Amino acid sequence: MNSSATWRPTISIGNLRARARVLAQVRTFFAERDVLEVETPVLSNGTVTDEHLHSFSTEFVGPGAAGGKTLYLQTSPEYAMKRLLAAGSGPIYQICKAFRNEEAGRCHNPEFTMLEWYRPDFDHFDLMDELDALMQLVCHTEKADRISYQQVFIDCLGLDPLTATLEALRTVAANLGHGELAEREADRDTLLQLLFCDGVERQIGRHVPCFVYDFPASQAALARLNPDDSRVARRFELYFRGLELANGFHELTDPLEQKQRFDQDNQKREVQGRPVRPIDPNLLAALEAGLPDCAGVAVGVDRLLMLAMDTQRISDVISFDVGNA
Amino acid sequence: MAFYSTNEFKAGLKIMLDGEPCNVLENEYVKPGKGQAFNRVKIRKLISGKVLEKTFKSGDTVEGADVMDIELSYLYSDGEFWHFMNNDTFEQIAADKSAVGDTIKWLKENDVCTLTLWNGSPITVTPPNFVELEITETDPGVKGDTAGTGGKPATLSTGAVVRVPLFVQTGEVIKVDTRSGEYVSRAQK
């Protein structure tokens, strides 16, 4: 017997009950709005190409895979849900586990609970409205603020993120105490993300939740570009009290543009010496068949609970964290 | 020399930064949404004692610092160096004024101190948590004060000045907490 075994949960029984209540609230919220609950596979043949997402993989051995076949644990259910949408599911939501390697800390656990939903005929602003309503229900927040990525940089740092030179970004980073890191950094987006982390995120969403929208096109991921200003993409994030809560898109539906972005991701991976990821042919085929015009968002449920329960650590709201899972 | 990635950073790890050995105090993983992850690391510079926050890209590596703590007993000072000895091997090490720093006021012969060595040379000297020192000078207690509040200053044999209760007198040996510089009790005889 190991007497130092940490069998006890990291969550309190009170928070365990509150967690169940919040999940029930979320399900009622979507039932009332006629959004269908779905489940999709946690293990899949394909995975994400995003250079900053590190997926777990495992080996399937069985009929049809005698020699073993690599399967990936989902980093989000996005691809499978888009295939359901293309097949005519209508509005759908899912509460599931997502897995991201290399992410652990006060607000991160490599295995976490994600709420993701898609709304045909919504754009990203419509979806922000709906997420705001959910926040008010679950976290009792007031109506959220909205500000563009460009404006929030101008307000917080006096810098236009869309036009600033690399040198200007480095100078502002140096003023925040990151001179050394900035000097060696040649990637514009990494510098912007550093500035966002230290110069922006600490200043926004302190009293009411804050949506930041229209991220630079270079950080578009799976969002469509803004037709009025192709320097930015219709992607938004939600921040409140130092937590990043959600990431949403007015979804890119063009299969060719999507394939180009995946290829670019893999090129970046190659340059950095990271493994190149197989591009999911099923997702691209679904886009070719026709993804309805829609907006989608992924919400970190554990962080929502951290806010609802007013606690500082993700381990306080999950039954067992990675340290004693 | 070993290199450490941000995933290996934890409290107590010694790394090199700006040419100075540092002690990692805290390591927080931060990611503002999609994109690059960072580690916000709180460190103490071991020579200057300065505490600062430094941000690294997650996965970056930093050179480790060859820093070790050893316990040695204090022997004497020649005015320029403070000499310590390993009680097992009788090997002696001399620390200079900058390494001894404020610890000077707690150094009593034969007390066991912790010396932090960087590349074999002492950079800091930490006294025991509790030391017993003799009071060389303090005012006689004011009659009638029995509540033990307020206290009075007392100069100790090392030159340190601490506040002591009124009933403690010159010539007595007292126990002091070196971390706070506060009086604890009269020494056990």
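A quick note: this is a predicted structure, and the numbers were derived from the prediction, not measured. Every chain is numbered from 1, with letters handed out A, B, ... down the list of sequences.
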When the 4.5 angstrom heavy-atom criterion is applied to A:Arg100 and chain B, the contacting part is neither
**Report entry** N/O donor-acceptor pair under 3.5 Å between A:Gln193 side chain and B:Gln36 backbone
**Finding:** yes
When the 4.5 angstrom heavy-atom criterion is applied to A:Asp189 and chain B, the contacting part is neither
From the list A:Gln219, A:His108, A:Glu185, the residue making the most non-hydrogen contacts under 4.5 Å with chain B is A:His108
Considering only heavy atoms from C-beta outward, does the side chain of B:Lys54 approach that of A:Glu180 to under 4.5 Å? yes
Under 4.5 Å to a heavy atom of chain A? For B:Asp18 that would be side chain
Applying a strict 4.5 Å limit to non-hydrogen atoms, the region of A:Ala104 in contact with chain B is backbone
Cut-off 4.5 Å, heavy atoms of chain B, and the answer for A:Asp50 is side chain
Exercise. Heavy-atom count around B:Arg163 CZ within 6.0 Å, excluding the residue itself: above 12?
Worked result: yes
Rounded to the nearest 0.5 angstrom, the OG1-CG distance for B:Thr55 and A:Leu194 is 6.5 Å
If you define the side chain from C-beta out and look only at heavy atoms, does anything of B:Lys31 sit under 4.5 Å from A:Glu244?
no
Does atom CD of A:Glu183 have more than 12 heavy-atom neighbours from other groups under 6.0 Å away? no
*Answer yes or no: does atom NZ of B:Lys108 have more than 12 heavy-atom neighbours from other residues, nucleotides or ligands under 6.0 Å?*
yes
If you tally heavy-atom pairs under 4.5 Å between each of A:Glu201, A:His178, A:Glu51, A:Glu102 and chain B, the highest tally belongs to A:His178
Item checked: Side-chain heavy atoms of A:Leu181 within contact of B:Phe56, under 4.5 Å -> no
- Task: Could you walk me through whether A:Arg106 and B:Tyr29 pass side chain to side chain contact (heavy atoms under 4.5 Å, CB included), step by step?
- Result: CA-CA 7 Å; A:Arg106 193 171 63 80; B:Tyr29 177 88; over 6 Å; no
Are more than 12 heavy atoms from other residues, nucleotides or ligands located less than 6.0 Å from atom CD of B:Glu137? no
Okay, A:Tyr239 and chain B: the region with an atom under 4.5 Å from a heavy atom over there is side chain
Hey, is the main chain of B:Lys34 close enough, under 3.5 Å, to the side chain of A:Glu237 for a donor-acceptor pair? yes
- More than 12 non-hydrogen atoms from neighbouring residues, nucleotides or ligands closer than 6.0 Å to CD on B:Glu53, yes or no? yes
**Message:** Could you check whether atom CG of A:Asp187 has more than 12 heavy atoms from other residues, nucleotides or ligands sitting under 6.0 Å from it?
**Reply:** yes
